[in-house]
Amino acid sequence: MSDLEKRFNLNRETDIYQKWEKGGYFKPEINNDKDKGEYCIIMPPPNANGNLHLGHALMVAVEDILIRYNRMLGKKTLWLPGADHAGFETWVVYEKVLQKQGKSKFDFERDDIYKQIWDFTQNNKEVMVSQLKALGSSCDWSREKFTLDKDIIKTVYKIFKKMHKEGLIYRGNRIVNWDPYHQTGFSDLEINHVERKTNLTYIKYQIKGREDFITVATTRPETMLGDTAVAVNPNDARYKNLIGEIAILPILNREIPIVADEAVEMGFGSGAVKITPAHDNLDFEIGERHNLPAIQVIDKFAKMTAEAGNEFEGLKVKEARTKVLEKLEELKQIERVEEITHNASVCYKCGRDIEPLITDQWFIKVDDLAKNAMEAVENGDIKFVTKRYEKIFFNWMENLKDWNISRQIVWGIRIPAWFCECGEIIVTDGKVPEKCPKCSLTKLTQDPDTFDTWFSSAQWPYATLGYPNGKDYLEFYPADVMETAWDILIFWVARMIMMGLYTTEREPFKTVYIHGLIRDKKGAKMSKSKGNVVNPMDLIDKYGSDALRLSLIMGNAPGNDLNFMEEKVIGSRNFVTKLWNIARFIQMNTTEAQIVSHETFTLADNWINNELNLTLKNVTKNIDSNNLNLAIEELYDFVWSKFAAIYIESAKFYLNNEISKDSVTFTLRSTFKHILKALHPFMPFVTEEIWENLELSDKMLIVEDWPTDLQIEVSDENVKKFEAVIAIISEIRNKNLVPEDTYTIENDDFSDEEINLIKFQTKIKEIKQ
RNA sequence: GGGCGCUUAGCUCAGUUGGUAGAGCGUCUGGUUUACACCCAGAAGGUCACAGGUUCGAGCCCUGUAGCGCCCACCA
């Protein structure tokens, strides 16, 4: 046993981590013979396209605490790490990488760009792993997964084929959110709505065979070139007599019907809507209901097509708008224009306008999947921490629309579907089909599209464990906890529940633990563009991993966002140092402890034993109920305000005066051992280092048993006596007396030993009773 | 349009079956005690957003109001 240095040396963290890893302590098998059941968390795989941020640090802190706690309980504990190829996200990140080199992704062949991004993500993955290790993640690296691993893709293909066969997946020529800049379609979740001021133009369409007009109101006059109807509400008295009549589309003079549809709001605009099924979501639906043709007048690059007519073809949307308005003005068919604010759809990444467009995409029918998912939450198979997130979950699930899972980008899992010239579509589980089963042609082309990342990551919980026959799948599925931030609750968690229930007929996890977002000091979201991003690795270098983890857990109730302040990390670092110094005190003042029977305990021993029992009980209860903040605060308070401030200060009195030395030595060491164990999940590095240096056992702390009850008898009467001593000490201190003063205690009966203890702690010369 | 959350000490936040308001940081006073100044001893500071209600008792439960924030949604 070597003397402890003055402070905990942060460089030791790397060595400690390697010891754990080399010792195989992160593997569930380490608890093979303990027969305490299993515990499993699948780590949300961070995107392999950049560095970890503070949100990841919080994720690691929470999950590692749960994992280390359960490991100490003796369970076969699996924490499975991984990384996400993050399809579109990485696509955008890499686009910027290329931009810096003055290149574009359109400069490369498909395979070439794929290979480049593959290498890019592999490099990032390495950095990420080292960062996860620096945070102390005790996950089983031998089971690490990447979302593009062969076995993961195999599972995804298999399930895709199965869903297709069962009619849950279909290829549809439907209207989707098209991003003309990124040249891909999106699901409804990947678009944002921004409020925007715009002109609402009232246009008069003449009724065929009559002198009068019907007026429609639109914010996108250029789309009128694709109009195939005018719709009114069937209950609208103003237009009842026009239903079934024909309107004449200005400029193009196309004859279009006037139809009735409940979806039309009477109160908005003129109450009559122009219907452009090819370029508006609602119009598309109305078009389907009334069997209206869709005329595409805008192409994938947001330019006007030939269908728009000679004078408009090739114009950008905005140019076409100006020109259409000019024409209408000439024709005197603009009734009036008013300014309104409405919600425009934009790309969630870059904010550019979304153009609704009809394209061929793969969709998942979500009705039944959503129903089952809601049921699983309703009947308690899956619980949310905190419960209020269940409401958000239901709110979203209740109005789901079919999920577009195809993306027109190269980076991702390519869809295992092949097209034949005869029109047949062949879906396989990944194998290249030899010929068309319908016409026997051998010239087949694979769908160039890839899956929405979330379609594959929705299958992460079972795919990583080796569904359907893998040993880990059989042993660890479903996972105990899915821990993630609320911002991907619906992107990911909801879909994992749907897919997990569909594929495995079981819930993929029992508890969903939702943590909040880490914001900057003022509560603003951290982002590169704002320049307020804090790098967790810098904080680890400065204050250590334990301090960073503590600062993210303390005072942060589950599910709530956290405004990050470096001062909090400093405070946590101070606690690490406090613990370190307690270790030094114990090293300097005790040797191997004798076993002592409880009859010989001093008042202080008896009191701290009692306090420790209560603390351990509360800590365990709070971890079990997912209140990690309360658990660590309880420990913090015990260590600093009770063990250090009161017990150790009293211990000095006994040790200096050679009173009850064995008993005090025993209690100091025993209490400290329990504290180290209980603190270990929260601050693994410093506790392990102290454990080793004080030679507190021949095992590493990481695999010690979780401390529950002290198994030491406590005298309630003596607890009360010591509390009286504490009360007197604090009373005397309140008086701000000087050492020469005398203090008189009224109405109390203290022994000489107690009086001396009070004198020792208050430095008062004399105390009278 | 529908839904959710927040409002507690100067600041950031805890407060989980309703029982005399808590922490960290900051501020102020005093400390060169051999674990620790990344420390020790103490102090000041809150009509728990507002208004009603339930209750012997409400920061916590109910109703309403205001301010702030967020999510979902097809106002053309």
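Residue numbers begin at 1 in each chain, while the letters A, B, ... track the order of the sequences. Keep in mind that what you see is a predicted model, and the values were worked out from it rather than measured. As a basis for the values below, the full set of heavy atoms in this structure was taken, side chains included, without hydrogen atoms, waters or symmetry mates.
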Notebook entry, point to check: Got a sec, which pairs hit salt bridge (charged side-chain N to carboxylate O under 4.0 Å, His left out) with one end in residues 217-226 of chain A, sequence neighbours left out?
Noted result: A:R220-A:E222, A:R220-A:E355, A:E222-A:R321

Item checked: Listed once per pair and sorted, the salt bridge (charged side-chain N to carboxylate O under 4.0 Å, His left out) pairs that draw on residues 624-634 of chain A, sequence neighbours left out -> none

Item checked: Nucleic acid contacts - residues 6-13 of chain A versus RNA chain B, non-hydrogen atoms under 4.0 Å -> A:K6, A:R7

Once ring-ring contact (aromatic ring centres under 6.0 Å, His included) is applied, do any residues pair with [X], and if so which ones, sequence neighbours excluded?
| X | answer |
| --- | --- |
| A:W580 | A:F8 |
| A:Y205 | none |
| A:F585 | none |
| A:Y513 | none |

Note to self: Any side-chain N or O of A:W580 below 4.0 angstrom from OP1/OP2 of B:C38?
What the structure shows: no

Please list, for nucleotides 5-7 of chain B, all pairs of protein and nucleotide N/O atoms separated by less than 3.5 Å.
unit_1: B:G5; atom_1: OP1; unit_2: A:K391; atom_2: NZ; d: 3.3

With rounding to whole Å, what would you report as the distance between [N] and [M] at their [atom1] atoms?
| N | M | atom1 | answer |
| --- | --- | --- | --- |
| B:U20 | B:C48 | P | 16 Å |
| B:G18 | B:C75 | P | 42 Å |
| B:A51 | B:A23 | P | 27 Å |
| B:U27 | B:G10 | P | 15 Å |
| B:U65 | B:C74 | P | 28 Å |

Check: Hey, does the side-chain of A:R584 have a donor or acceptor N/O within less than 3.5 Å of a partner on the base of B:C36?
Finding: no

Would you call [X]-[Y] a salt bridge at under 4.0 Å N-O?
| X | Y | answer |
| --- | --- | --- |
| A:D353 | A:R196 | yes |
| A:R254 | A:D227 | no |
| A:D236 | A:R238 | yes |
| A:E335 | A:K204 | no |

Atom [atom1] of [X] and atom [atom2] of [N]: how far apart are they, to the nearest Å?
| X | N | atom1 | atom2 | answer |
| --- | --- | --- | --- | --- |
| A:Q587 | B:C36 | CD | P | 13 Å |
| A:I648 | B:A35 | CD1 | P | 10 Å |
| A:E649 | B:A41 | CD | P | 7 Å |
| A:E285 | B:A76 | CD | C1' | 13 Å |
| A:F585 | B:C38 | CZ | P | 21 Å |
| A:D3 | B:A35 | CG | P | 13 Å |
| A:I732 | B:G42 | CD1 | P | 12 Å |
| A:L552 | B:A14 | CG | P | 14 Å |

Notebook entry, point to check: Does a side-chain heavy-atom distance below 4.5 Å link A:L579 with A:L676?
Noted result: yes

Checklist line | Heavy-atom side-chain contact between A:E195 and A:N343 under 4.5 Å | finding: yes

Any base atoms under 4.0 Å from [X], or only sugar-phosphate, or nothing? Heavy atoms, all strands.
| X | value |
| --- | --- |
| A:A231 | nothing |
| A:V576 | nothing |
| A:I286 | nothing |
| A:R573 | base |
| A:G269 | nothing |

Item checked: Nucleotide-resolved protein contact map, nucleotides 16-32 of chain B, B/S/- at heavy-atom distance under 4.0 Å -> B-------S--------

Notebook entry, point to check: Which letter, B, S or -, goes with each nucleotide of nucleotides 67-73 of chain B from 5' to 3', with contact meaning a protein heavy atom under 4.0 Å?
Noted result: -----SB

Notebook entry, point to check: Which is it for A:E339 and A:T198 under the side-chain hydrogen bond (donor to acceptor under 3.5 Å, both in side chains) test, yes or no, and what are the steps along the way?
Noted result: CA-CA 6 Å; A:E339 193 178 61; A:T198 189; over 6 Å; no

Margin query: Need to verify one output field. Residue with the more 5' nearest nucleotide on RNA chain B, A:T577 or A:K521?
Written below: A:K521

Checklist line | Upstream residue (5' side of RNA chain B) when A:N734 and A:I582 are each assigned their closest nucleotide | finding: A:I582

Item checked: Minimum heavy-atom distance between A:L628 and A:F682, given as atom pair plus value -> O-CE2, 3.8 Å

Margin query: Holding to side chain to side chain donor-acceptor pair (under 3.5 Å), I want the full list of residues that pass it with A:Y654, two or more places apart in sequence or in another chain.
Written below: none

Next item on the list: Determine, for A:Y202 and A:R336, whether the Lys NZ or Arg CZ falls below 6.0 Å from the six-membered ring centre while staying within 45 degrees of the axis.
Entry: yes

Checklist line | Axial cation check for A:F760 ring with A:K763, 6.0 Å and 45° limits | finding: yes

Notebook entry, point to check: For RNA chain B, what string of dots and brackets results from 5' to 3' when Watson-Crick and G-U pairs need both distances under 3.5 Å, crossing pairs get [ ], and pairs with another strand get |?
Noted result: ((((((((.[[[[.)...(..]]]].(((((.......))))).....[[[[[..)....]]]]])))))))....

Next item on the list: Give a yes or no answer on whether the side chain of A:T276 reaches the backbone of A:H279 with a donor-acceptor pair at less than 3.5 Å.
Entry: no

Side chain of [X], heavy atoms from C-beta onward: which of [options] has the nearest atom to it?
| X | options | answer |
| --- | --- | --- |
| A:H342 | B:A35, B:G42, B:A76 | B:A76 |
| A:K763 | B:U33, B:A14, B:A41 | B:U33 |
| A:N281 | B:A14, B:C74, B:C75 | B:C74 |

